Amino acid sequence: MSHSHSDRDDVVTRFAPSPSGDLHVGGARTALFCWAFARGRRGRFVLRIEDTDRKRSSDAAALGFQKALRWMGIDWDEGPMPDGSICGDHGPYMQSQRLAIYESHMERLLEADLAYHAFDTSEELDAKRTAARAEKKAYRYDRAGLAIPREERFSRAAAGESHVVRFRTPDAPITITDEVLGEATLPQGEVDDFVIRKADGFPTYHFAVVVDDALMNVSHVLRAQEHFNNTAKHIVLQAALGFEQPVYGHLSLIFNPDGSKMSKRDKDKAIRAAVKAASLETPPEGTITREAFDSWIGDKKSQLDHDALILMAEALDVTLPEINVADFERSGYLPEVLCNFLSLNGWSPGNDLEKFDNAFLAEHFDLTRVQKTPARFDRDKLLAFNLDAIQAMPEALFRERVRAHGMRFHPDFMSALTTEQFDLLADASRERSKTFDDLFKSNGWLLLADEALTWPISKPVRKAMLKGEVPGRILLEQASELLQGVEVFEGESLESTLTAWAEVHCEGNLGKIAQPLRIAVTGGPVSPPIFDTLAMLGKERCLARIKGCLAVMQDVANSA
RNA sequence: GGCCCCUUCGUCUAGUCAGGUCCAGGACACCAGGUUUUCAUCCUGGUAACAGGGGUUCGAAUCCCCUAGGGGUCACCA
């Protein structure tokens, strides 16, 4: 397997996820950095799917990864494409389709006695592992398989006896050179004779990754720090197979704000906490079955599936933590902001510069400025960045993007409004939206039928409606008549009419009438600016709602 | 526990490689004041860190050593 020089001179990076679950932010950042590194050097970026674990991998997950990357604005030159096609001359890019390739290299190692069949049972190995742990020692394979004569190993394997193939690790220290972490030498014996082919015939990660990176001409391997120790295995494997060694760079991990490792389990954790807080012993109505609930509660490590998670979160009024790229999309973050913020975790361009796009990242990203320490993921800062980006957006663009978000995640909301209504809402919401989703979460009052609106009595409602020398409900009654006479029910005319009216009836304090009006037409004390709020609803509906509200407030006042 | 790596405000980080311009800068968060018809936004100001201890040096956040703390890894998962 020799490669031409021109081939190797190019920068080639790859992102090689195993397709289980969804792409989480840590993986997304790795992909982003790999992409940026290649793009900034006119190199190629490869997407490879590492599906050698047949139990955990799925095609759906692989597609989900591709969509998540696309959403972030990350494109790749080689690998599977979301439309089902395949790009690149070094495929296949699904490891499960490369078995014959691995096998040919495996044979070379076996023939040269650089690898050997091992017949240990998992029970035997487990026992040795347990013993090592009891002695507080690191477990290392004892090369028991090597005691079997070579001929016998081959014949037993040929006869179909269950076995794995282990790599015969050289008896020498191994030095890893890493562009981020520097140089580290593992003492001899630290890397044992690891498995390179599993009993099911599939290569292990270590073997597949080394073969693929070499055959795909990968020049720079940028991956998570959890792989740092594995690199030693990859280096000795490359030497045995006669492959060139790529440049390595290991990226620090991303943690939760509390310092715990960010994981998919965090969603279950959030719900478990809510279940505990509410002392629930049965699943909430309309969520999951009693059996599912009991087994989930019984096993703290078990996870609910995606739909169950959402149902439970809604029933318990819990906000699930965003972990996956798809979560951030659903929550209404801008992909360019997520990318910007993600790259600030573990990398910075210096000069106090914080806001930049992917093109800038590609141009300036380099390994020397990558942080060695893990970063905690600060959602507040991400939110602040998202707000800034939305505020900086032209009105028309915001309309367009927030509409797209609505069509995707809130179709009922969208179909309930006219285009004019929605544009009004979008314009009124832009400056106060931290995410696209904010608009949909906080304006449910628009969708309700006028008869269905209610006015829960809370402290701010009581204050605005019932307290004071002239209670708000009285002013509201008067303002209602005023509104009846407004011909052009639009923001500007409403503003001039109501401001003038407030000048006379509220001592110039618009708030005195704005708040009662807001509560009357929305059912609560929070909404976009009052004139926009009124205009969106239209004259008829405003008057109907005010009428209903006044009746309720009258009752409350009477019973007080 | 073995091995490897790391350690600047609450958080993300600049500064560390080439010691003085750093009684440590920016951002988010927080606190105080202001603007505002609600919420949010916005404006102004403020609190806040070189993990600890030894060296080296005229001088150390920056170099060396020790201690403490953190992380990764120790699978027929990747």
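In what follows, chains carry the letters A, B, and so on, assigned in the order in which the sequence lines appear, proteins first and then strands, with residues in each chain numbered from 1. Computed from a predicted structure; not experimentally measured.
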What does C77(B) pair with, Watson-Crick or G-U, if both distances are under 3.5 Å? none

Contact class for K137(A) vs. all strands (heavy atom < 4.0 Å): base, sugar-phosphate, or nothing? base

Indicate whether OP1 or OP2 belonging to A78(B) is found under 4.0 Å from a side-chain N or O atom of K198(A). yes

Span that lies between the C1' atom of A75(B) and that of G70(B), in whole angstrom: 25 Å

Considering only atom C1', compute the distance from G26(B) to A48(B) and round it to an integer number of Å. 14 Å

Using the P atom in both, what is the distance from A51(B) to U57(B), to the nearest Å? 23 Å

Considering only G1(B), A78(B), C12(B), which nucleotide approaches the side chain of E226(A) most closely? A78(B)

Summarise protein proximity over nucleotides 61-70 of chain B in one line of letters, 5' to 3': B for base, S for sugar-phosphate only, - for none, counting protein heavy atoms closer than 4.0 Å. ----------

Taking 4.0 Å as the cut-off, does a side-chain nitrogen or oxygen of T52(A) come that near to OP1 or OP2 on A78(B)? yes

Taking only side-chain nitrogens and oxygens of K434(A), does any of them come within less than 4.0 Å of OP1 or OP2 of U41(B)? yes

Mind checking T185(A) for me? I need base, sugar-phosphate or nothing, with any heavy atom below 4.0 Å counting as a touch. sugar-phosphate

Who is the Watson-Crick or G-U wobble partner of C50(B), with both distances under 3.5 Å? none

Just say parallel, tilted or perpendicular for the rings of F33(A) and W347(A), cut-offs at 30° and 60°. perpendicular

Should the ring pair F154(A) and H117(A) be called parallel, tilted or perpendicular, given that the plane angle runs from 0 to 90° and is split at 30 and 60? perpendicular

Under-4.0 Å salt bridge between D171(A) and R143(A): yes

Taking A27(B) as the reference, what is the distance to A14(B) when you measure between their P atoms (whole Å, please)? 15 Å

It should be established whether R379(A) places a side-chain nitrogen or oxygen under 4.0 Å from OP1 or OP2 of nucleotide C28(B). no

Describe the nucleic acid contact of D258(A) in one word from base, sugar-phosphate, nothing, applying a heavy-atom distance below 4.0 Å. nothing

Give me the distance, rounded to whole Å, that separates U47(B) from U11(B) when you measure between the C1' atoms they each carry. 16 Å

Taking the six-membered ring of F194(A) as reference, does the NZ or CZ atom of K233(A) fall below 6.0 Å from its centre and within a 45° cone about the axis? yes

Donor/acceptor link under 3.5 angstrom from Q225(A) side chain onto base of G71(B): no

Y141(A) six-ring centre to R166(A) NZ/CZ under 6.0 Å and within 45° of normal: yes

Could you verify whether a donor N or O on one side chain and an acceptor N or O on the other, from E336(A) and N358(A), lie under 3.5 Å apart? no

Donor-acceptor pair present, R432(A) side chain and U38(B) base, under 3.5 Å: yes

Below 4.0 angstrom from OP1 or OP2 of A75(B), is there any side-chain N or O of R140(A)? no

In terms of side-chain heavy atoms of E190(A), which of G2(B), U13(B), C4(B) is nearest? G2(B)

Is NZ or CZ of K381(A) both nearer than 6.0 Å to the six-membered ring centre of F341(A) and within 45° of the ring axis? no

K128(A) to A144(A) - nearest heavy-atom pair and separation: NZ-CB, 4.0 Å

Residue T373(A), side-chain atoms from C-beta onward, closest of U38(B), C6(B), C74(B): C6(B)

To the nearest angstrom, the CG-P distance between D193(A) and A75(B) comes to 14 Å

Separation of the C1' atoms in U21(B) and C12(B), to the nearest angstrom: 26 Å

Measuring to OP1 and OP2 of C28(B), would you say a side-chain N or O of K381(A) lies under 4.0 angstrom away? no

Could you tell me the Watson-Crick or G-U partner of G59(B), where both distances fall under 3.5 Å? Say none if there is no partner. none

Is there a side-chain polar atom (N or O) of S348(A) under 4.0 Å from OP1 or OP2 of A14(B)? yes

E354(A) near the nucleic acid: base, sugar-phosphate alone, or nothing, with a heavy-atom cut-off under 4.0 Å? base

Give one of base, sugar-phosphate or nothing for R129(A), where a contact means two heavy atoms less than 4.0 Å apart. sugar-phosphate

Would you classify L382(A) as touching base, sugar-phosphate or nothing, given that sugar-phosphate means primed atoms plus P, OP1 and OP2, and contacts are heavy atoms under 4.0 Å? nothing

Give me the distance, rounded to whole Å, that separates U44(B) from A61(B) when you measure between the C1' atoms they each carry. 31 Å

When the C1' atoms of C66(B) and U56(B) are compared, how many Å lie between them, rounded to an integer? 15 Å

